[in-house]
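Lettering of chains follows the sequences in order, A, B, ..., and the numbering in each one begins at 1. For the numbers below, each heavy atom of this structure counts, side chains included, while hydrogens, waters and symmetry mates do not.
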2 protein chains.
Amino acid sequence: MQSAQDYCKEHKLQLTPARRKVLELLLQEHRALGAYTILDLLREAGFKSQPPIAYRALDFLVENGFAHKIERLNAFVACSLPGTKHSPAFMICRQCEIVAETQSPMSNLNLSATADVSAFRIEQTIIEAKGVCNSCAEIEQL
Amino acid sequence: MQSAQDYCKEHKLQLTPARRKVLELLLQEHRALGAYTILDLLREAGFKSQPPIAYRALDFLVENGFAHKIERLNAFVACSLPGTKHSPAFMICRQCEIVAETQSPMSNLNLSATADVSAFRIEQTIIEAKGVCNSCAEIEQL
DNA sequence: AACGTTATGTAATATTATATCATGGAGAAG
DNA sequence: CTTCTCCATGATATAATATTACATAACGTT
């Protein structure tokens with residue numbers, strides 16, 4: 001949170017109350033939060049409650065690398081490595097819905113190496129894996 | 001299409017008129033089609049037009065490996081390698097929206113090798129890259 | 001003070017997806 | 001051959017996600 005503030009100062013970005021609150025909410029969770037869940041939490045915290053409030057804050061956070069969208073879930077998580085250029089991959093537990101971010105082991109170059117893809121200039125890659133986390137796997141085995 | 005029919009016969013799957021039509025529609029396009037676009041096309045072809053019609057057919061096609069959902073686009077494409085176990089990756093042109101399927105160069109093992117992910121048992125991975133295809137890249141340069 | 005830029009307020013609506021319950025049709029079991 | 005069961009479809013409603021559009025405000029610059 002502190003580092004987010006510093007980063008914004010340095011890059012002349014405005015970490016406004018709504019944006020700040022959304023980031024806090026995301027940081028408190030290890031699961032992905034839907035835009036409307038966030039909207040509810042914002043409302044509870046005294047913010048206005050129309051959808052654009054949440055979507056604008058989320059857009060800001062995603063654009064500036066403070067959060068990621070998990071496409072499979074239509075939901076959002078705080079970035080675990082804000083301010084750094086990275087190509088993230090996500091692990092989603094289908095049981096407890098926890099989301100873990102990891103560094104993608106695959107560079108764009110890797111993907112480009114496959115034959116029929118040489119016809120593309122890749123700009124951004126998303127990787128999302130679904131499975132079960134260790135704790136849930138143990139429970140399943142009982 | 002023929003092979004899809006054969007595959008269904010072999011696996012006792014029912015390639016009903018609606019499912020068949022949706023598959024045909026997807027095969028005709030190299031872009032991803034949204035469920036409601038498909039629904040419109042179905043209607044034009046004389047099918048009933050409630051959302052579940054399209055979603056059920058799409059679910060069937062996806063479950064049985066005839067199609068994939070592109071999460072980034074909330075849209076669907078025909079599978080280029082139906083009937084085979086594969087771990088696909090998609091290239092989406094942000095300009096013309098063409099979608100190309102390629103074989104993922106990354107096995108689950110690869111991803112699992114990254115440290116903080118060893119705590120997951122991965123069951124399915126999606127990879128979607130956005131960029132520009134060659135033809136659009138050329139046009140952009142003008 | 002006037003202006004431009006960025007962010008917020010507000011209403012309405014578009015898009016994507018699912019739940020639920022009723023109906024029909026084809027093959028298996030009796 | 002008929003009853004049962006399973007699977008697919010028909011139909012209505014509604015949920016969940018996301019965006020458009022236009023108005024207002026806040027703030028620094030000229």
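- Residues passing the salt bridge (charged side-chain N to carboxylate O under 4.0 Å, His left out) test with A/Glu140, sequence neighbours excluded: A/Arg94, B/Arg121.
- Formation of a donor-acceptor pair under 3.5 Å by the A/Glu101 side chain with backbone atoms of A/Ser80 is found in this model.
- Looking only at side-chain heavy atoms (C-beta outward), A/Phe60 and A/Leu15 come within less than 4.5 Å of each other.
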Check residues 1-10 of chain A and write down every donor-acceptor pair under 3.5 Å in which the side-chain atom is one partner and the other belongs to a residue at least two apart or another chain.
{"residue": "A/Gln2", "atom": "NE2", "partner": "A/Asp6", "partner atom": "OD1", "Å": "3.1"}
{"residue": "A/Gln5", "atom": "OE1", "partner": "A/Arg20", "partner atom": "NH1", "Å": "3.1"}

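- Along DNA chain D, read 5' to 3', the first and last nucleotides having any atom under 4.0 Å from a heavy atom of chain A are D/dT17 to D/dA21.
- Checked against salt bridge (charged side-chain N to carboxylate O under 4.0 Å, His left out), A/Glu29 has the following partners two or more places apart in sequence or in another chain: A/Arg31.
- Annotation: side chain to side chain donor-acceptor pair (under 3.5 Å) contacts involving residues 38-49 of chain B, sequence neighbours excluded, comprise B/Asp40-B/Arg43, B/Arg43-B/Ser49.
- A heavy-atom distance below 4.0 Å to DNA chain D is reached by these residues of residues 14-45 of chain B, ordered by number: B/Gln14, B/Thr16, B/Arg19.
- Distance alone, capped at 3.5 Å, is enough to place a donor-acceptor pair between the B/Glu128 side chain and the B/Glu71 backbone.
- Screening residues 22-49 of chain A for ring-ring contact (aromatic ring centres under 6.0 Å, His included) gives no qualifying pairs among residues at least two apart or on separate chains.
- B/Cys96 places a side-chain heavy atom less than 4.5 Å from the side chain of B/Cys133.
- For residues 52-62 of chain A, no pair satisfies side chain to side chain donor-acceptor pair (under 3.5 Å), with sequence neighbours left out.
- Across residues 46-59 of chain B, B/Pro51, B/Pro52, B/Tyr55, B/Arg56 each have a non-hydrogen atom less than 4.0 Å from an atom of DNA chain C (numbered order).
- Not counting sequence neighbours, the partners of A/Thr16 by the side chain to side chain contact (heavy atoms under 4.5 Å, CB included) test are A/Gln14, A/Arg19.
- Take B/Thr37 and apply the side chain to side chain contact (heavy atoms under 4.5 Å, CB included) test, not counting sequence neighbours, and it matches B/Leu33, B/Leu41.
- DNA chain C is contacted by no residue of residues 67-79 of chain A, taking any non-hydrogen atom closer than 4.0 Å.
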